[in-house]
Structure formats: C-alpha cells, structure tokens
*Asks:* 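The structure that follows is given in the form of structure tokens.
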Amino acid sequence: MRLAEIERLIRKHRIITPPLSRQTLVTMCEDGTFETAGSAPTKLGWLVYEDSFLKWVKSLDSGRDK
C-alpha cells in the first residue's frame, strides 16, 4: 500500500483524529512500525504491506479499556 492510501484510510475511517502527518507515517516506515518493501522508499514512495498496516490498527484497539 502506498502511504497516500494509508492516509486516505486513516481519514475516511477516522482511525486516529486528527490524522497523522505524512512525516509521521514516513517515520513509522523508517522505525519499523510498518513493514515495508525494502528499507528505503521506492520510486513510488514508501510501500507498506497491508497486513502490517492492519496489525498496527488492531494494536490501537488493544489499548482501549474493555
């Protein structure tokens, strides 16, 4: 998934409000929060594996009080 798609999903589904900045998402790619294709951006920018993004979203929910 491109970072633009991740940004769109975060905004559309209000996963985090306010939405994370592009620089924060890039940092998450660089620090290993998101598993990416390669260790640097491609010509298309950062490419994040979908399952890695979904795992991160689920981790946000696990911190909530039940």
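The basis for the numbers below is simple: all heavy atoms, side chains too, and nothing from hydrogens, waters or symmetry mates.
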*Asks:* Side chain to side chain contact (heavy atoms under 4.5 Å, CB included) for Glu30 and Thr36? Distances and angles first, verdict last.
*Replies:* CA-CA 9 Å; Glu30 293 171 342; Thr36 60; over 6 Å; no
*Asks:* Side chains of residues 3-19: which donor-acceptor pairs under 3.5 Å do they make with residues two or more places apart or in other chains?
*Replies:*
residue	atom	partner	partner atom	Å
Glu5	OE1	Arg8	NE	3.2
Glu5	OE2	Arg8	NH2	2.9
Glu7	OE1	Arg22	NE	3.3
Glu7	OE1	Arg22	NH2	2.7
Glu7	OE2	Arg22	NE	3.3

*Asks:* Show the numbers, then the answer: is there a side chain to side chain contact (heavy atoms under 4.5 Å, CB included) between Phe53 and Glu35?
*Replies:* CA-CA 8 Å; Phe53 172 69; Glu35 187 178 344; over 6 Å; no
*Asks:* Could you state the interatomic distance from OH (Tyr49) to CE (Met1), rounded to the nearest 0.5 Å?
*Replies:*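 CE of Met1 is found 13.5 Å from OH of Tyr49.
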*Asks:* With a 4.5 Å limit on heavy-atom distance, are the side chains of Leu20 and Met28 in contact?
*Replies:*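 The answer is yes; the side chains approach within 4.5 Å.
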*Asks:* If you round to the nearest 0.5 Å, how far is NZ of Lys55 from OG of Ser62?
*Replies:*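 It comes to 11.0 Å.
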*Asks:* Could you tell me if the side chain of Leu25 sits less than 4.5 Å from the side chain of Phe34, heavy atoms only?
*Replies:*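 Side-chain contact under 4.5 Å: yes.
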*Asks:* I'd like to know if Trp46 and Val57 are part of one continuous hydrophobic network [Ile/Leu/Val/Met/Phe/Trp/Tyr, side-chain heavy atoms within less than 4.5 Å].
*Replies:*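 Yes, Val57 connects to Trp46 through the hydrophobic network.
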*Asks:* What are the two closest heavy atoms between Thr42 and Ala37, and how far apart are they?
*Replies:*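 Minimum heavy-atom separation between Thr42 and Ala37: CG2-O, 4.3 Å.
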*Asks:* Just jot down the side chain to side chain donor-acceptor pair (under 3.5 Å) partners of Thr24, sequence neighbours excluded, or say none.
*Replies:*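 Per chain and number, Thr24 pairs via side chain to side chain donor-acceptor pair (under 3.5 Å) with Ser21.
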